[in-house]
Each structure stands twice: as C-alpha cells, then as structure tokens.
Amino acid sequence: WLRLLNVGDEIGPIAGTSKINQSVECLKLFRKYLAEVLKEKRQTPEFFGVKSLDDLECLGVLPRSPGLFERRLHHHSKKFKELLTGHYYRPITEAAKDLFPNALTFANYSPAPLRQASQVHSLTWYTLLRQGALTLAWGEDWVYPVGAFTGYEIVSYYSAITECAARKF
C-alpha cells in the first residue's frame with residue numbers, strides 16, 4: 001500500500017499576484033478573505049486605507065517606501081496566496097486519505113531558502129499543514145555551509161522549523 005505521497009517538489013504559491021488580479025474569481029475570493037479579516041478585527045475598509053474593498057487588488061511587491069496600509073495589504077496578499085495554495089492541495093490530501101488511509105502527503109523542500117528569509121518558496125509550512133493540505137512536514141536533510149554557518153547549524157535550524165510547522169496548535 002501507498003505510505004507516502006509527494007504532491008510536489010519545492011512547491012510555491014499556486015498563483016501569483018498578477019494571476020489573482022486578472023482572475024475575476026480569484027479577486028472576488030481575495031476581497032472575501034479581506035472582508036473576513038476586517039470582520040475578525042472589527043474594522044472597516046479604512047483599515048486598508050480605502051472606502052471599499054472593491055478598490056483593492058492583491059499586492060505582490062511593496063513600494064519603495066511603504067506606508068501602513070501598503071504593508072497591511074501586502075501581508076494579507078501573501079497570506080491569501082498561502083490559503084489559496086492550501087485550497088489547491090487539500091483535495092489531493094483528502095483523496096489520498098480516502099484511497100490510502102495510512103498514507104502521508106508531503107511536498108519536498110530544500111533547506112536552502114531558509115538561509116535567506118526563513119520561508120520555503122514564499123510559503124510557510126504552518127499554513128499548508130494546518131489547512132490539511134499536507135499531513136507530513138518533510139524536508140531534505142542536506143545543506144552546505146554558507147558564510148559563518150556550517151551545514152550542521154543550518155540543518156539544526158531547519159529541523160527546528162520543521163518541528164514547529166508539524167506541531168499542533
């Protein structure tokens with residue numbers, strides 16, 4: 001029987017900013033997500049510096065000197081991409097569970113990106129695991145020394161990140 005199902009190698013967001021903004025459905029979902037954020041925070045669209053969420057699009061890159069509203073929108077744009085990616089992979093995991101109840105789903109990740117921004121291809125495992133899009137926090141166990149860090153230090157840090165991502169909250 002199938003025990004492990006690799007859903008992808010070093011996966012990233014399922015859609016980029018321009019695709020989200022060009023897709024009527026994705027843009028509608030993005031604005032719905034923002035409305036949920038506002039409801040949770042008991043805020044109005046002014047939280048993002050606008051009168052209506054219809055005035056907003058997904059923001060992929062911050063301007064050179066971002067203000068509070070741009071930073072908020074950028075943060076939630078990244079979060080939405082993570083959620084959208086989880087919605088893409090979760091049905092794969094659910095189908096795998098139906099067919100192979102003991103199988104674990106994962107995506108292969110290299111530890112290399114953690115040296116730069118502590119993220120893996122612009123996604124966090126936290127979101128994908130907690131959404132049920134993956135059931136196993138998995139990572140390659142190799143890395144080469146960079147600057148003052150030895151491979152051992154980076155792998156140790158990577159292991160700690162993986163453990164945190166896999167932990168139930």
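Since the model is a prediction, treat every value here as computed from it, not as a measurement.
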I'd like to know whether OH of Tyr88 has more than 12 heavy-atom contacts from other residues, nucleotides or ligands below 6.0 angstrom. no

Determine whether Thr44 and Leu38 make a side-chain contact, defined as any pair of heavy atoms from C-beta on separated by less than 4.5 Å. no

Any side-chain heavy atom of Arg31 within less than 4.5 Å of one from Glu57? yes

Between the side chains of Glu25 and Ser23, is a donor N or O closer than 3.5 angstrom to an acceptor N or O? no

Does any non-hydrogen side-chain atom of Lys81 lie less than 4.5 Å from one of Cys58? yes

Validation row: His87, Ile14 side chains within 4.5 angstrom (heavy atoms): no

How far does NE2 of His75 sit from CG of Leu59, to the nearest 0.5 angstrom? 12.5 Å

For a quick test of reading the model, state the closest non-hydrogen atom pair linking Gln131 to Gly86 and the distance between them. OE1-CA, 3.2 Å

Flag if over 12 foreign heavy atoms under 6.0 Å of CD, Glu36: yes

Give a yes or no on whether the backbone of Gly67 and the side-chain of Glu70 come within a donor-acceptor separation of less than 3.5 Å. yes

Checking Arg3 against Phe100: charged group under 6.0 Å from the ring centre and within 45 degrees of the axis? no

Thr127 side-chain N/O to Leu83 backbone N/O, donor-acceptor pair under 3.5 Å: no

With a 4.5 Å cut-off on side-chain heavy atoms, are Thr135 and Phe106 touching? no

Below 6.0 angstrom between ring centroids: does that apply to Phe30 and His76? no

Rounded to the nearest 0.5 Å, what separates atom OG in Ser77 from atom CG in Leu62? 9.0 Å

From Leu27 CG over to Ile20 CD1, what is the distance, rounded to the nearest 0.5 angstrom? 9.0 Å

Would a 4.5 Å heavy-atom cut-off, applied to side chains only, mark Lys51 and Pro45 as touching? no

If two hydrophobic side chains count as joined below 4.5 Å and joins carry through other members, does Leu68 share a cluster with Val50? no

Under-4.0 Å salt bridge between Lys78 and Glu82: no

With distance as the sole criterion, is a donor-acceptor pair present between the side chains of Asn6 and Asn108 under 3.5 Å? no

Minimum heavy-atom separation for Ala15 to Leu84, with atom names? CB-CD2, 4.0 Å

Would you check if there is a donor-acceptor pair between the side chains of Thr105 and Lys97 at a distance under 3.5 Å? no

State whether the side chain of Arg90 and the backbone N or O of Gly132 hold a donor-acceptor pair below 3.5 Å, judged by distance alone. no

Could you tell me whether the side chain of Phe48 reaches within less than 4.5 Å of the side chain of Gln43, counting heavy atoms only? no

Is Phe69 reachable from Val37 through a run of I, L, V, M, F, W or Y residues, each pair having side-chain heavy atoms under 4.5 Å apart? no

CG-CG distance between Leu53 and Leu73, expressed to the nearest 0.5 angstrom: 10.0 Å

Please answer: with hydrophobic residues joined when any side-chain heavy atoms are less than 4.5 Å apart, are Leu99 and Leu2 in the same cluster? yes

Leu134: which of Leu104, Ile92, Leu5, Leu129 passes side chain to side chain contact (heavy atoms under 4.5 Å, CB included): Leu129

